[in-house]
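This report concerns only the one structure given below.
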Amino acid sequence: MTSAVPLRTTTATADAPHRTDTAAVHAGRRDLRQLGVHVPPLEMSTTNPLPCVERGGASYEALAGGGLPPGDGSHVYQRLWNPTTARFEEAVAELEGCAQAVAFSSGMAAITACLLAARSCGKGHVVGVRPLYGGTDHVLASGLLGTEVSWARPERVAEALRPDTGLVIVETPGNPTLELVDIAAVADRCGDVPLLVDNTFATPVLQRPAEHGATLVVHSATKYLGGHGDVLAGVVATDEEWATRLRPVRALTGGVLHPLAGYLLHRGVQTLPLRVRHQSASARRLATWLTGHPAVERVYYPGLPQCDPAGLVGRQMSGPGAVVAFTVRGGGAAAAATADACELITHAVSLGGVDTLIQHPASLTHRPVTPDARPDAAVLRLSVGLEDPADLCEDLDRALRAAGRA
Ligand SMILES: *Cc1c(COP(=O)(O)O)cnc(C)c1O
């Protein structure tokens, strides 16, 4: 038996990569015409017939070691390999300009795999640049995975490195107040230590960290890549060496992505550039409008000049993104009341979907962060969706006034 679905659907991408919008639509799909279908097959098998003991065994060995399935073998077992998920991985790798990508059951599973892979090379020390996503901060601070963390400002990363440092972890724009970090400058300070950049907020449409020196580019694919609030997933785009190291961690810890989730993510990626650009344009309008609102104290948005002192938008990022944070006059109580009073905008954690969400980071997403590193209680975070921004402004205005009266 030969494998019905080729592993890489194209060999031409490294030589002639397509532009982002074209890659989003076609990456991971270039063999479909040859297969006689228009959309990717959804392959749900948990186990796969083995051509014979010898070739089955060779396939198992290749996959368990983190390699790619041999062409004349079998995918063996879904925890080792799934062709539908592999198509999504191929699309993410192409969009991020990386050799390969490895998908996981969640963003946290992806970050966990990176930490375990570094640790298994004898490098259990991690340098973390705050602010980070609450879950990432928590897993590092707790030492749950046997890693030890040193927190450092971006300009102090070199001083924090040790001989056993396995990773430097950065998020930009940062969560929740959207501070930008100069990726190339931090990569320089990392020396030989791999730099992991969480690119969830920017997406490869706005920022491609590998071009600035990142070795590992991580996404909570739950957010913009999926884009519709119905898939939990993570993905790491990286070089072949790291991908080969991550796949066995995924197989052994079992944090694999279900193929239906891989299918939905691959479909979501097709509209990613369109969604991100449209949502960013609306976010810019909302950020400007909020700046002039009497109930709003301060607005955090990388598109506002005071929020981007180093001029990274235009240089590192092609646009400021679609998440806006702001502080409400009246502190934590007024911020919480504003989130509660929204009607069109859903009061919920998460971000990056087609509909607008608002949440209170100090109570929710950043609750596990130690109090001294936790965001101000007056901060609200808004993930701007595809609604008409005029309707969003009306809803926010009503909510801010209601909170002011309470
Ligand atoms: C949501 C999120 C994560 C965690 O991803 P899950 O898919 O929820 O596990 C990591 N980083 C950032 C920036 C996030 O927003």
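No experiment lies behind these values; they were computed from the predicted model shown. Order of listing sets the numbers, starting from 1, for every ligand and every atom in it. The figures that follow rest on heavy atoms only: side chains count, while hydrogens, waters and symmetry mates do not.
Judged purely by atom type and a 3.5 angstrom limit, T172 uses its side chain to pair as donor or acceptor with the backbone of V181. Checked by atom type and distance alone, the side chain of R247 never pairs as donor or acceptor with a backbone atom of L63 at under 3.5 Å. No donor-acceptor pair closer than 3.5 Å links the side chain of T85 to the backbone N or O of N82.
Scanning the protein for heavy atoms near atom 7 (O) of ligand 1, the closest one is T222 OG1, 2.7 Å. Closest to atom 12 (C) of ligand 1, if we only count protein heavy atoms, is D198 OD2, 3.4 Å. For atom 5 (O) of ligand 1, the closest heavy atom belonging to the protein is S220 OG, 3.0 Å. Closest to atom 4 (C) of ligand 1 among all protein heavy atoms lies Y133 CE2, 3.4 Å.
Ligand 1 has no nitrogen or oxygen under 3.5 angstrom from a nitrogen or oxygen of T136. Residue G107 has at least one nitrogen or oxygen atom sitting less than 3.5 Å from a nitrogen or oxygen atom of ligand 1, judged on distance alone.
Counting heavy atoms from C-beta outward, R381 and Y300 have side chains that stay 4.5 Å or more apart.
Nearest-heavy-atom check against atom 1 (C) of ligand 1 across E171, H219, K223, M108 picks out K223.
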R162/E148 under side chain to side chain contact (heavy atoms under 4.5 Å, CB included): CA gap, chis, key distance, verdict: CA-CA 11 Å; R162 303 194 322 211; E148 188 193 337; 3.0 Å; yes
Intermediate values then yes/no, side-chain hydrogen bond (donor to acceptor under 3.5 Å, both in side chains), R367 and H138: CA-CA 9 Å; R367 200 181 185 99; H138 194 192; over 6 Å; no
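Put simply, the residue from L115, L145, L167, V127 that forms a side-chain contact (heavy atoms from CB on, under 4.5 Å) with L140 is L115.
Residue-ligand proximity, A233 to ligand 1, at heavy-atom distances under 4.0 Å covers atoms 7 (O).
Contacts between S350 and ligand 1, counted as non-hydrogen atom pairs separated by less than 4.0 Å, are absent for every part of the residue.
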